[in-house]
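Side-chain atoms are counted along with the backbone in the values below, which use heavy atoms only and exclude waters and symmetry mates. Counting starts at 1 for both ligands and their atoms, in listed order.
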Amino acid sequence: MQATMTGFLLLLLVMNSIMIFRLSDRKSTDIIKHLRNMAWGVAGIIVPEMVILLTKDRRIAYYAFTFYYIAFAWYGMMIFRFSVSYSGYQLFKVYKSPLFWITVIESGALICGMFSEQFFTITHVRWYNHIYWISRGFSIFYGYAIISGIALVGAIAILIIAATQSAKIYRLKYSGIAIILVMMAVSCVTSQIQHQPIWVQVVCFAFGEMVIVYMAVHYAPKKLNQRVMRFVADKLNDGIVLYDDEHQLQLVTAGYSDAVGFKGMQGISNEELYWSKVISEANVGNAWNGRVMSVARDDGAYYYEIQHMALNEDGKFIGIVYWIRNVTESIKSYGEMVHRANFDELTGIYNEAHFHEMARKLLEEHPDTDFVMTCSSIEKFRVFKELFGREKYNDYLIRTAEALRTGLVHIPNCVYGRIGESDFYIMMPKKVFDSQQLLDAIDEVAKVYSTNNFGLIIKAGVYEITEPSQDMLAICNKASMACDTIKGNYGKRILWFDESIQKESMRRERYNAELSKAIEHGEIQIYLQPQVDKEGKVIGAEALARWVHREDGLIPPAHFIPFFEMNGRITELDICIWRQACEKLKEWKEKGRDDLHISVNISAKDLYALDIYEHHVSLVKEYSIDARNLKLEITESAIINDLKQHVRLVEKLQEAGFEIEMDDFGSAYSSFNMLKDICVDVLKIDMKFLGDTENEDRSHAILKSIVDLSKELHMKTVAEGVETEEQLNFLKEVGCDIYQGYYFSKPMSVADFEAKYL
Ligand code: C2E
Ligand code: CA
Ligand code: CA
């Protein structure tokens, strides 16, 4: 039996040595170092035990026991050190050094006591019919036992604390080793109490050590890896589904049910078929393959990106893994992004870029169809916005877009969009374009927003696309040019683009380029139209701009003023006119004719571009003329744009001595209403009241009441556009103060005016 046991221990010793060898091979971490030391400790235990088993000599057996106990003490100390390191409890490190020195002292004491047998004695016992050496400690020996016991129990305690304090998934790492140490401790105690031969403990220690190494180096980290991976996989929002080689479901992560909306495993037991159906099997290789598929659910469309990979080991199929990701959010937000990029946010119809793109596509797809481009916009949309507010204006835009949507839904090959502030463009085949229908639709919308005071005027320019290859911007511009030409031409609300419009537009561009030079070269000149009082005496004139063009001859203001008003360059021109007027007034004054005045026009744009007050005060100062002789005509619509601000301006100008005339009074929407807020010196009555022969009686009645009212408010009245004697007589009758019109004279050059009236 002893021989068998020795052989067995020899085997354990060899295994232990291999383990030491393998551990030396590993990257030397603290833990590996401790495990290696422990393995050395085990070797130190096995060797004396083999001697004890084999020897009959009491002395040798005693010495072997001594070395056994020394090795045991070191082993205990190493287990303690290992536990401290393994658990990471730095706190216990302080015990390492005392324990070491105690072990050194113990070892020294054991060696010293070896010859005099001071600590223990050894005897033979019969155990299961065999005779073994066993030791019996004297009372002093208990000190040694207690110290070793403390080391072992301490190590166990550390591991148990670590196990209870760590996260569940780390528990196994500590608890497994703690259990082995407990088994070791129990084997020590029982063999001591029951006087068993010590090989029982030695076997227990050797095996225990191997298990600890296995647990610490192999099993626990691997298990831990798996657990952590599973943990991570379950935390993923994506679903992972794994099937084995027989297409049996092996793994479904928690994210799967969230991603796909199926609950639990049952819902998908046959899903592999389902997934493979959507992904052609032919694709399955070693690399990830996938696609996005959509699934209609009760609560809308869902999109999944499904990736899959066949798992092969040494060329043999071992399973297939699907990775299912819910990409609904990102697909939807991508969709929204595309929508935002292509559609007008307010109305939901195409924006400029997308309209151009779609119109271009349509032209290319139907090369044999004739198309028309229509641009529709509202006249004076700024006034409209001012008057009704942003909300109502937006409401108008939305309603128009809605009308387009419903009105054009049945028309094939038709695209439409909103471009800029208030323009709507429609492109459709010429043969389905119906101008009357367009007018009716326009009227329908306009009706909603027209009030007694304000008539919403919607107009449209149409361009027949004769050259589909030209730039889309150029096509749209032509429709827009036609639309812009309608300005003021209220009888006509649809205008087809033709060459004259193009020419007109090009001419404007030319004038725009030439304006500065024209001012510099004196091509912009004032023409004067006399103003006459009740006695027929010329009391002054209105200065009206003329462009004496070196190539085009005399250009009336209708050809350039509205355009310069639109692009803001009117101020440049007006300043030039005002200066000429001042110069004339100065000359006349020097000739003793300071009874004559000149009225100049101030555009709405000037009110914003200049400090009108400062400018005019310094003008009259510069020319040393009387402010009373330079009358300022501001149109009613310019004033209403920002009533509060302009009331103040008018007051200041009046304080400085200027007379303010409200031009075109009665042409806008709330003329009478405005008079309660603003106090001008003169009302210049719009000529439409005189020219209107259709409703003559009504016009006359209004004219009369304007004059009456102005008297009441202590304002003078000027009637412009007086063409006939009857008109003049009527005006005299109702009490109008001053008259201006072709009846007396057309606007004439300054030289002619001076020759005639000075
Ligand atoms: P407005 O200020 O209302 O000027 C009166 C317009 O009526 C002038 O046209 C004048 O020639 C015309 N007119 C005068 N008497 C009669 C008449 O008996 N019958 C008819 N049918 N028309 C008559 P004009 O000179 O073509 O000016 C047109 C508009 O251009 C002016 O209307 C004014 O708004 C603008 N304008 C002219 N000169 C200037 C200027 O220097 N600065 C600015 N900002 N605007 C100007
Ligand atoms: Ca005027
Ligand atoms: Ca006028």
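The protein non-hydrogen atom at the shortest distance from atom 34 (O) of ligand 1 is Asn601 OD1, 4.9 Å.
Checking atom 9 (O) of ligand 1 against the protein gives no heavy-atom contact under 4.0 Å. Atom 22 (N) of ligand 1 lies below 4.0 Å from at least one non-hydrogen atom of the protein. Counting only heavy atoms, the protein gets under 4.0 Å from atom 41 (O) of ligand 1.
With a cut-off of 3.0 Å, the Ca ion (ligand 2) has an N, O or S atom of Glu633 in range. Here Glu720 does not reach the Ca ion (ligand 2): none of its N/O/S atoms is less than 3.0 Å from the metal. The Ca ion (ligand 2) has an N, O or S atom of Asn601 closer than 3.0 Å.
The Ca ion (ligand 2) lies closest to atom OE2 when only the N/O/S atoms of Glu542 are considered. Nearest N, O or S atom of Asp663 to the Ca ion (ligand 3): atom OD1. The Ca ion (ligand 3) is closest to atom OD1 of Asp664 (considering only N, O or S atoms).
By the criterion of a heavy-atom distance under 4.0 Å, the side chain of Glu720, and not its backbone, is placed next to ligand 1. At a heavy-atom distance under 4.0 Å, atoms from both the backbone and the side chain of Leu544 approach ligand 1. Residue contacts with ligand 1 for Ile526 are absent, since no atom lies close enough (heavy atoms, distance under 4.0 Å). Residue-level proximity to ligand 1 for Gln740 is absent, since no heavy atom of it falls below 4.0 angstrom.
Scanning Met687, Glu565, Arg546 for the heavy atom closest to atom 12 (C) of ligand 1 points to Met687.
Note: Trp588 and Tyr757 fail the aromatic proximity criterion, with ring centroids not under 6.0 Å apart. A centroid separation of less than 6.0 Å is found between the aromatic rings of Phe497 and Tyr463.
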